[in-house]
Amino acid sequence: EAGVAQSPRYKIIEKRQSVAFWCNPISGHATLYWYQQILGQGPKLLIQFQNNGVVDDSQLPKDRFSAERLKGVDSTLKIQPAKLEDSAVYLCASSPTPSGGPNTGELFFGEGSRLTVL
Amino acid sequence: DAKTTQPPSMDCAEGRAANLPCNHSTISGNEYVYWYRQIHSQGPQYIIHGLKNNETNEMASLIITEDRKSSTLILPHATLRDTAVYYCIVRALNTGGFKTIFGAGTRLFVKA
């Protein structure tokens with residue numbers, strides 16, 4: 001079974017530029033999550049989708065961050081304009097249901113996209 | 001905010017058991033204890049979870065105290081590949097509160 005795919009793995013931009021990250025969840029997983037992980041910290045949930053609808057975006061800085069999952073499959077996270085403090089790893093995760101994987105409730109994570117803002 | 005408290009780092013000798021503690025004194029009756037780990041440059045990986053009984057799988061054992069206010073993840077024979085950050089998380093299942101909220105975790109160093 002293919003895992004969660006993310007791209008690009010690495011991105012370096014200057015402040016005030018824009019960037020987009022792409023995520024393709026595990027096939028059949030209705031719930032998709034974007035997390036931000038700053039160096040030395042645990043992942044922080046930015047947004048959660050159920051199919052193509054937003055379940056929770058309370059921690060998403062909406063003045064500069066946006067995310068979409070138009071067809072309920074893959075998703076894009078955009079930052080415009082980027083700030084220095086946006087330097088982080090952006091992790092995408094998926095699960096079959098909002099409560100996680102069958103029997104375990106686990107989330108399945110991709111390898112992340114590392115953003116450096118100069 | 002994370003509902004758990006973990007030591008920031010621990011060392012363990014290769015081949016010995018690694019015992020990682022977690023305090024979750026405000027855990028609710030419907031909340032499970034989950035453990036994930038994150039190896040460098042990878043996303044977090046699920047290890048194990050439990051409600052009140054001790055649990056064991058091929059990766060680890062989870063010991064939850066009777067009052068459920070703390071738990072211990074046990075890696076019975078730690079290897080160098082177990083060097084990672086280990087996250088203890090409490091969350092409800094199927095009854096709302098699905099959020100998986102990570103704290104800072106415990107950085108485990110397994111030494112040869």
Side-chain angles (χ1 to χ4, degrees), chain A residues 3-10 21 23-26 29-50 54-60 88-115, chain B residues 1-9 20 22 24 28 30-51 53 55-60 62 73 84-109:
Chain A
V4 176
Q6 292 189 244
S7 67
R9 283 297 314 274
Y10 305 93
F21 301 110
C23 172
N24 192 25
I26 292 173
H29 281 196
T31 311
L32 185 147
Y33 315 77
W34 282 102
Y35 282 82
Q36 178 193 57
Q37 186 172 25
I38 293 172
L39 187 64
Q41 300 180 17
K44 170 188 163 185
L45 179 66
L46 292 177
I47 189 168
Q48 178 180 339
F49 291 95
Q50 178 64 17
V54 175
V55 173
D56 184 347
D57 63 356
S58 57
Q59 298 294 307
L60 188 72
V89 175
Y90 291 87
L91 293 160
C92 180
S94 70
S95 61
T97 70
S99 57
N103 302 318
T104 65
E106 70 184 278
L107 304 186
F108 299 84
F109 284 83
E111 292 188 314
S113 294
R114 181 178 296 277
L115 173 65
Chain B
D1 292 333
K3 298 181 181 180
T4 62
T5 304
Q6 300 177 251
S9 66
L20 292 92
C22 179
H24 32 79
S28 300
N30 65 343
E31 289 183 319
Y32 287 70
V33 180
Y34 277 77
W35 283 85
Y36 282 76
R37 76 177 183 184
Q38 187 173 24
I39 294 171
H40 183 63
S41 296
Q42 296 183 19
Q45 174 193 24
Y46 165 86
I47 300 174
I48 198 167
H49 78 291
L51 184 62
N53 296 322
E55 302 288 344
T56 296
N57 64 20
E58 65 278 4
M59 292 182 69
L62 174 60
L73 179 75
V85 179
Y86 288 78
Y87 297 99
C88 171
I89 298 161
V90 295
R91 53 161 282 193
L93 190 67
N94 295 331
T95 56
F98 303 134
K99 289 183 184 180
T100 298
I101 299 175
F102 291 81
T106 296
R107 187 171 297 273
L108 176 68
F109 296 94

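Naming: A, B, ... by sequence-line order, numbering from 1 per chain. All values below were derived from every heavy atom in this structure, side-chain atoms included, with hydrogens, water molecules and symmetry-related copies excluded.
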TODO: Identify, with sequence neighbours excluded, every residue that meets side chain to side chain donor-acceptor pair (under 3.5 Å) alongside B/Y36.
DONE: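 For B/Y36, no residue satisfies side chain to side chain donor-acceptor pair (under 3.5 Å) once neighbours in sequence are set aside.
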Task: Parallel, tilted or perpendicular, as decided by the 30° and 60° cut-offs, for the rings of B/F102 and A/F109 - done: perpendicular
Task: Under 4.5 Å from any heavy atom of chain B - which part of A/Q6 - done: neither
Task: Residue selection (most heavy-atom pairs with chain B, distance under 4.5 Å) from A/D56, A/V4, A/V89 - done: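 When all of A/D56, A/V4, A/V89 are compared, A/D56 has the most.
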Open item on the list: Using a 4.5 angstrom heavy-atom cutoff, name the option from A/G112, A/P43, A/G42 with the most pairs to chain B.
Closed with: A/P43
Task: Set of residues satisfying salt bridge (Lys or Arg N to Asp or Glu O under 4.0 Å) with respect to B/E55, sequence neighbours excluded - done: none
Task: B/Q38 portion near chain A, given a 4.5 angstrom heavy-atom threshold - done: side chain
Task: Non-hydrogen side-chain atoms of B/I47 and B/Y86 separated by less than 4.5 Å - done: yes
